[in-house]
Amino acid sequence: MIDINLNNISLNFGFGEILNNISLEIKHGEKICLVGDNGSGKSTVLKIIMGLEKPTSGSINLRRNISIGYLSQTTDINNQNMRVKDILYQSLDKILKMEKTLEDYENKMALANSNELNKLISKYTNLQEQFINSGGYEINSRIGKIVNGFNIKDLLNKNYNDLSGGEKRIVSFAAIMIKNPDVLLLDEPTNYLDIDTLEWLEEYLNNYKETVLLVSHDRYFLDQVANKIIYLNNGKIDIYNGNYSYFLEEDEKKAMLEFKEYKDQQKQIIAMQNSIKKLRQFGYLGDDGRFFKRAKAIEKRLEKMEKLAKPKTKKSLPLQFNMNARSGEDVLIIKDLSLMINSQQLLAKANMTIKYQDCVCLMGKNGSGKTTLIKEILNNNPKIKLGSNINIGYIPQEIIFDQSKTIYEIARQSFKGEETHLRSALNKFMFSKNDIFKKVTKLSGGEKVRLKLFCLMQKEINFLLLDEPTNHIDINTREVLEDTLEEFKGTILFVSHDRTFINKLANKIIVIENQNLKEYYGNYNDYKDTLVRQNKL
């Protein structure tokens, strides 16, 4: 059964094709992820399905009477003055009305005579069948499961308008899930979710009988959930029937094949050009027109040949921090640290030590105090001792530059050297000569991370503090960031919910749990294995 059918969809905003004649069938029960660089059109596809974006050409067909739940990147709910509880139940108006009507019928049947009773029983039976088919008897269980899974029980009686941006989005997500629609369209569903919630969501979606079409940059999540990957690139799509790891493997094979075909064609082109040159030389020497004709024939074949473009290679950043003097062996020592926010105890006499060249991931549930602890390190809390010769570089969750300045002006503030050298250095950081005078207000998340790294690189940094550095950046940029951080010779303390990122970088996990700092050696997978051995899972 086909839920959604996109037929020859094209979209042009006036500066080039975003989507170029794509066709796609989405079958019921599939778990599909759209992947591609930022700006490739992933979110646009979801908007086209929802009717929020009109394609330049092509058509969209939806299965009759299909219900769709759509989580956008900037979800907001009308009637913001409502309580969270009311918003969650608002999506169940139809079922709740049926439940109330069934109760009314039951009360009437208890008092009805025989003639009225038969009519009431008929109405009750028909409505009860609708109620059962709508999942009415499981609704309270479903609500409880979703409320607990998203960890929003403490928000139920709060006013929606009083919530943070992240809390609003989670509530919006929960309201969509409670509806149990035929199709879930999810744009970056893992944003603002801690790892415990991510793992619950993975299990929930794996058991979800309906269709899921999502956009995500969380590679670990995609491996757990997706059974089909749709790769958007240059307005076209490629379909891979597997999870993200399968896509990577097959895409690598495809890239190698394309590169081989390109090299083979280049050899053929050079051989044909050499033949043309030799035949003409023979023609001049022997004054024989046959050589010129043969040369002309090869030349025509060469002109008609469809030239293959050189395959693009993965970009990297020249991340080489000026570490003329390394730090001491003890980089950070926390002893008996207690932290409170608004009467909430986050840490109680907690201890932690970070050594030179450690790469530590700080983990914990949302609200446990991860960002607060990072800020306390920066604010020189007396219970936190930095080692000798420590120079900190900090990348916050939200990178903020002077909004009035351009990329060039921000870079100029930290770069010591001639303008030509600065332009060359920015180009290596993927800021072309046409980009550098762009206002920083126009930068994407990935561009902000690159510019921040560029500025930090100009300083004597030997201790990096990173608070959710992969937020709002696409998969390619995440991989570039991982590769560059692996080359960093100093010490790193970072907060992240990106488990692939953690696995690639961390050699130690420190978890905020029970108001303490608990240390585990290894990466995320090692941490999970330790919990299994300790029977904590």
Could you tell me whether the side chain of [X] and the main chain of [Y] form a donor-acceptor pair under 3.5 Å?
X    : Y    : value
N379 : K375 : yes
N151 : T197 : no
D223 : N243 : no
D194 : M363 : no
S424 : T420 : no
K489 : Q357 : no
R83  : N157 : no
N206 : Q224 : yes
N159 : N161 : yes
D330 : K355 : no

Side chain to side chain, [X] and [Y], heavy atoms closer than 4.5 Å:
X    : Y    : answer
T470 : D218 : no
I32  : L214 : no
L373 : I334 : yes

Neighbour count >12 (heavy atoms, 6.0 Å) for atom [atom1], [X]:
X    : atom1 : result
Q403 : CD    : yes
K307 : NZ    : yes
K228 : NZ    : yes
K260 : NZ    : no
N207 : CG    : yes
D154 : CG    : no
E329 : CD    : yes
K145 : NZ    : no

Distance-only donor-acceptor check, side chains [X] and [Y], under 3.5 Å:
X    : Y    : value
S432 : D435 : yes
D402 : S404 : yes
S40  : D37  : no
E202 : Y204 : no
D187 : S43  : yes
T530 : R533 : yes
T491 : D358 : no
T477 : D474 : yes

Salt bridge check, [Y] against [X]: does any charged N sit closer than 4.0 Å to a carboxylate O?
X    : Y    : value
D336 : K383 : no
E519 : K508 : yes
R423 : E418 : no
K370 : E468 : no

E447 vs K438, salt bridge (charged side-chain N to carboxylate O under 4.0 Å, His left out): CA-CA, chis, key distance, verdict: CA-CA 11 Å; E447 288 171 328; K438 184 194 296 184; 3.4 Å; yes

Could you walk me through whether R478 and E482 pass salt bridge (charged side-chain N to carboxylate O under 4.0 Å, His left out), step by step? CA-CA 6 Å; R478 291 181 188 214; E482 288 164 357; over 6 Å; no

Less than 6.0 angstrom separating the ring centers of [X] and [Y], yes or no?
X    : Y    : result
Y240 : Y231 : no
F501 : F494 : yes
F150 : F173 : yes

Tell me, with the steps shown, if D483 and K504 meet salt bridge (charged side-chain N to carboxylate O under 4.0 Å, His left out). CA-CA 9 Å; D483 291 343; K504 193 160 185 181; 3.0 Å; yes

Determine, stepwise, if the pair K254 / E250 fulfils salt bridge (charged side-chain N to carboxylate O under 4.0 Å, His left out). CA-CA 6 Å; K254 183 181 176 183; E250 292 302 306; over 6 Å; no

Spatial distance of atom CG (L339) from atom CD1 (I384) [nearest 0.5 Å]: 7.0 Å

Least distance between heavy atoms, I152 atom then A174 atom: CD1-CB, 3.8 Å

Answer yes or no on whether R499 is positioned over the face of F221, meaning its NZ or CZ is under 6.0 Å from the six-membered ring centre and within 45° of the axis. no

